[in-house]
K.L.:
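Just dropping this structure here.
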Amino acid sequence: MDHHPSAETQRTLYPYVTGSSVVALKYKDGILMAADTGGSYGSTLRYKSIERMKPIGKHSLLGASGEISDFQEILRYLDELILYDNMWDDGNSLGPKEVHNYLTRIMYNRRNKFNPLWNSLILGGVKKGQKYLGMVSMIGVNFEDNHVATGLGNHLARPILRDEWHENLTFEEGVQLLEKCMRVLLYRDRSAVNKIQISKITEEGATVFPPFSLKTYWEFSAFKNPTVGAEGSW
Amino acid sequence: MSSIGTGYDLSVTTFSPDGRVFQIEYAAKAVDNSGTVVGIKCKDGIVLGVEKLIASKMMLPGSNLRIHSVHRHSGMAVAGLAADGRQIVARTRSEATNYDSVYGEPIPVKELAERVASYVHLCTLYWWLRPFGCGVILGGYDRDGPQLYMVEPSGVSYRYFGAAIGKGRQAAKTEIEKLKLGDMTCRQGVIEVAKIIYGVHDEAKDKDFELEMSWVCDESNRQHQKVPDDLLEEAKAAAKAALEEMDAD
């Protein structure tokens, strides 16, 4: 029997089906999170209806970008974690801080074996009135903040959030802010699709809203007659 | 009734001349000496109840649970040696999560009962292992509806409408047989189980006891959970009232 399987065949080298950015912020009642429902296969926008945000237990919401199959595997780990937590039947339940820590351990330990789960995860939640929003990357870097984003969202959405986020945003203000971020991502990120989902988590529970599309504007004069001044190009 | 198995009762791998394995029978005695455990199958689910004998007044109520969830859809009530019971519960949970991760659906209750029985039986096959000193009533709700199984220390498992193990099992079984389980909902079943347990509790021989009950039914969304506090209180009150009626005769 082969007791020493070759290390090469057991490593993740590249992702295959990937999700694009996830953006999240703290608001008055809890956390708001937004992501599109696209799964890209390289440069092909292959899957258009993938839900990349899922409630975890009673108090948390997980959003993921990166390899979709690894995200599904993470959901299975968390499902078992929450099941065992429920079976204790002791009136306690795992909160967002604990789940975030658990995810950090998983991601970091996989990275140390050169076999990462190719995801950037956002974990938000509310427990006993305390709001929590954190992020873990595929190499195990983790932190908490008032607003977080993955992938290109870090470069395109965070600057907007740094300027316009403040404590105690209402639900409507939060959604507007997220839509502004998602619109920029839709214009500028090649792997974005125009089918967005927003989800929220409050003390009462989590809701993942049905997908919708953003209105976009393409009537800029520079887009009309694009080849003027350069005949022969397209 | 209790025969002396001199010489043939030292090991679980020894048969007696009349074809009995005494160690297994002795294990069953450990179960018979524990507090009564009752399980019934109502038309919309299962109710499990335990007469938890309190060893000391210093114990916190609600501690030393005897009923455990083994997956979302099923639970197990244990009678006999508590530490042995913990081991069986741990193994059952592991079997249930393993099935779920391999087959993608919650383990059918029949399959789970077979696995528990097989594990308990395993410990009766080797001289260096002793049999489990506990019996288990397993109730769950799957695609085929609610089901109730009982596993004994010998490793046999049967499916039941109503089952009881422990001290008051004879009296409990008589009471269960009087119930029309097919027409009863779990909500009614909870009251009946409470009455049975209060009824079979021997005030003279045993001290205080705590009633622990759980259910899996349509009302609980087919999830195994402890009976909600308000219903539990209602059941306890009805049981105490029924006792007083009996005493008044």
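Quick note on labels: first sequence line is chain A, next is B, and so on, each numbered from 1. Everything numeric in this text was worked out from a predicted model, so none of it was measured.
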K.L.:
When you look at A/Asp89 and B/Lys226, which way does the salt bridge (Lys or Arg N to Asp or Glu O under 4.0 Å) test go after all the steps?
P.N.:
CA-CA 8 Å; A/Asp89 213 0; B/Lys226 285 213 273 280; 3.4 Å; yes
K.L.:
Got a second to check how far A/Leu94's CG is from A/Lys97's NZ, nearest 0.5 Å?
P.N.:
13.0 Å
K.L.:
Between B/Tyr198 and B/Phe209, does the ring centre distance come in under 6.0 Å?
P.N.:
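Close enough - the centres of the two rings lie under 6.0 Å apart.
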K.L.:
As a test of understanding, state which of B/Lys52, B/His201, B/Glu51 forms a side chain to side chain donor-acceptor pair (under 3.5 Å) with B/Thr36.
P.N.:
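So, applying the side chain to side chain donor-acceptor pair (under 3.5 Å) to B/Thr36 and each of B/Lys52, B/His201, B/Glu51, only B/Glu51 qualifies.
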K.L.:
Can you tell which of B/Arg93, B/Gln225, B/His68, B/His224 has the highest number of heavy-atom pairs within less than 4.5 Å of chain A?
P.N.:
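Option with the greatest count: B/Arg93.
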K.L.:
Check each of B/Ile40, B/Leu181, B/Leu148 against B/Phe161 using the side chain to side chain contact (heavy atoms under 4.5 Å, CB included) test, and report the only one that passes.
P.N.:
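Running side chain to side chain contact (heavy atoms under 4.5 Å, CB included) over B/Ile40, B/Leu181, B/Leu148 with B/Phe161 returns exactly one hit, B/Leu181.
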K.L.:
Can a salt bridge be assigned to the pair B/Glu212 and B/Arg66 using a cut-off of 4.0 Å between side-chain N and carboxylate O?
P.N.:
no
K.L.:
Are there residues of residues 69-92 of chain B whose heavy atoms fall under 4.5 Å of chain A's heavy atoms? If so, which?
P.N.:
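Only B/Ser69, B/Val70, B/His71, B/Arg72 of residues 69-92 of chain B have a heavy atom under 4.5 Å from chain A.
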